[in-house]
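Here the structure comes first, spelled out in structure tokens, and everything after it is commentary.
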Amino acid sequence: MSSIKIECVLRENCRCGESPVWEEASSSLLFVDIPAKKVCRWDSLSKRVQQVTLDAPVSSVALRQGGGYVATVGTKFCALNWEDHSAVALASVDEDKRNNRFNDGKVDPAGRYFAGTMAEETAPAVLERHQGSLYSLFPDHHVEKYFDQVDISNGLDWSLDHKIFYYIDSLSYSVDAFDYDLHTGKISNRRSIYKLEKEEQIPDGMCIDVEGKLWVACYNGGRVIRLDPETGKRLQTVKLPVVKTTSCCFGGKDYSEMYVTCARDGMDPEGLLQQPEAGGIFKITGLGVKGIPPYPYVG
């Protein structure tokens with residue numbers, strides 16, 4: 001095993017950092033700070049970070065095939081223009097639920113933008129339950145709803161053969177799988193493939209590696225765990241120097257680096273003293289496995 005190295009590459013003090021996405025063209029990491037309503041882009045070469053502040057909580061960001069980005073802002077799927085800092089709504093959801101917002105989102109291998117909603121929290125992970133739904137924005141900008149009764153719609157990814165969709169509803173403490181039809185975007189046959197153990201706490205963001213294994217960030221668990229979705233076994237645990245780990249993605253020039261976001265909201269002054277890098281962006285090297293490039297939204 002190669003030796004694992006963990007470093008905080010950006011002390012950003014995110015209230016709730018989320019949705020890390022590697023942009024190969026600019027050697028940059030995109031991520032959001034949900035309650036701060038910010039999309040950030042950290043240039044790994046110059047070490048500079050740029051920000052766009054929007055008018056509602058921004059919970060995920062993704063690459064767009066035609067240039068620019070897409071993001072989930074409040075309860076809207078938006079096109080994001082980095083140059084003029086503007087966001088244009090492509091579609092809206094949950095209009096009957098004033099207290100809802102989007103949470104995590106990711107683009108599928110066919111270029112659809114999947115994202116789910118949740119009720120706004122009164123404190124971290126404290127919220128009115130069963131208010132969320134899972135949606136997908138298709139390339140023609142129409143939206144399909146898959147199911148409702150979701151607590152905190154979270155991590156999502158697809159198997160390497162594109163036949164399985166993996167999904168996390170955080171308060172179920174489970175990583176679930178669905179059969180996936182890449183041609184239609186339809187999902188079916190939901191089942192749990194991993195139940196989190198007590199010390200792992202709350203499953204949050206997720207990504208997949210080139211071996212088809214899943215990496216899940218554990219909120220309040222201070223770790224990312226590697227799972228085998230076929231056996232349901234945990235293969236590896238990587239602990240970080242912060243407790244509120246929120247999401248992870250692979251990046252770097254050959255996708256051999258893992259980037260992890262985290263949060264500081266909900267921490268008391270003593271906790272922040274003990275974890276001065278809370279809210280920062282972490283880079284993990286030496287995992288011995290690579291990830292795959294993110295898919296761009298094709299609409």
Indicate, with yes or no, if [Y] and [X] share a hydrophobic cluster defined by side-chain heavy-atom contacts under 4.5 Å among Ile, Leu, Val, Met, Phe, Trp and Tyr.
X: Y167; Y: V216; result: no
X: M258; Y: I4; result: yes
X: V21; Y: L156; result: no
X: L90; Y: V107; result: yes
X: M206; Y: L171; result: no

Any sub-3.5 Å donor-acceptor pair from [X]'s side-chain atoms to [Y]'s backbone N or O?
X: E277; Y: P241; answer: no
X: R226; Y: V238; answer: no
X: R15; Y: I34; answer: no
X: D169; Y: I152; answer: yes
X: D209; Y: K290; answer: no
X: T53; Y: K38; answer: no
X: R223; Y: T237; answer: no
X: K97; Y: Q131; answer: yes
X: T261; Y: S247; answer: yes
X: R264; Y: Q275; answer: no

Looking only at side chains, do [X] and [Y] share a donor and an acceptor under 3.5 Å apart?
X: T75; Y: D94; answer: no
X: E257; Y: Y259; answer: yes
X: N103; Y: R101; answer: yes
X: Y180; Y: D108; answer: yes
X: S172; Y: S174; answer: no
X: S44; Y: S27; answer: no

Counting C-beta onward and ignoring hydrogens, is there a side-chain heavy-atom pair between [X] and [Y] closer than 4.5 Å?
X: D204; Y: I168; result: no
X: E18; Y: N154; result: yes
X: I281; Y: W42; result: no
X: L54; Y: L80; result: yes
X: K213; Y: V289; result: no
X: T245; Y: Y219; result: no
X: L227; Y: Y166; result: no
X: S133; Y: N100; result: no

Looking at D228, L214, I225, which hits side chain to side chain contact (heavy atoms under 4.5 Å, CB included) with Y194? I225
Taking atom [atom1] of [X] and atom [atom2] of [Y], what is their separation to the nearest 0.5 Å?
X: L30; Y: Q50; atom1: CG; atom2: CD; value: 10.0 Å
X: W22; Y: K253; atom1: CH2; atom2: NZ; value: 10.0 Å
X: T246; Y: N220; atom1: OG1; atom2: CG; value: 11.0 Å
X: N99; Y: M118; atom1: CG; atom2: CE; value: 9.5 Å
X: K198; Y: E200; atom1: NZ; atom2: CD; value: 13.0 Å
X: F31; Y: C262; atom1: CZ; atom2: SG; value: 10.0 Å

Could you tell me whether [X] atom [atom1] has more than 12 heavy atoms of other residues or ligands within 6.0 Å of it?
X: K5; atom1: NZ; result: no
X: R191; atom1: CZ; result: yes
X: D55; atom1: CG; result: no
X: E230; atom1: CD; result: no

List the steps and the verdict of side-chain contact (heavy atoms from CB on, under 4.5 Å) for I164 and F178. CA-CA 6 Å; I164 301 173; F178 296 80; 6.0 Å; no
Mind listing the closest non-hydrogen atom pair of [X] and [Y] along with its distance?
X: S159; Y: I208; answer: CA-CD1, 3.9 Å
X: Y255; Y: P294; answer: OH-CD, 3.9 Å
X: G111; Y: P139; answer: O-CG, 4.2 Å
X: D157; Y: C207; answer: OD2-CA, 3.4 Å
X: C8; Y: G280; answer: SG-CA, 4.2 Å
X: V298; Y: A110; answer: CG2-O, 3.9 Å

Applying side-chain contact (heavy atoms from CB on, under 4.5 Å), run through L137 and V70 and close with a yes or a no. CA-CA 10 Å; L137 178 71; V70 283; 5.6 Å; no
In sequence, state the C-alpha distance, the side-chain angles, and the governing distance for S153 and Y135, and then conclude on side chain to side chain donor-acceptor pair (under 3.5 Å). CA-CA 10 Å; S153 190; Y135 297 96; over 6 Å; no
What's the verdict on side-chain contact (heavy atoms from CB on, under 4.5 Å) for Q236 and L287, showing C-alpha distance, side-chain angles and the deciding distance? CA-CA 10 Å; Q236 193 175 352; L287 289 172; 4.0 Å; yes
Over 60° means perpendicular and under 30° means parallel, so classify the ring planes of F114 and W158, tilted if in between. perpendicular
Chi angles and distances behind the side-chain contact (heavy atoms from CB on, under 4.5 Å) call for L127, D151: CA-CA 8 Å; L127 72 164; D151 286 324; 5.5 Å; no
Could you tell me if R190 sits above the aromatic ring of F147, with its cationic atom closer than 6.0 Å to the ring centre and no more than 45 degrees from the axis? yes
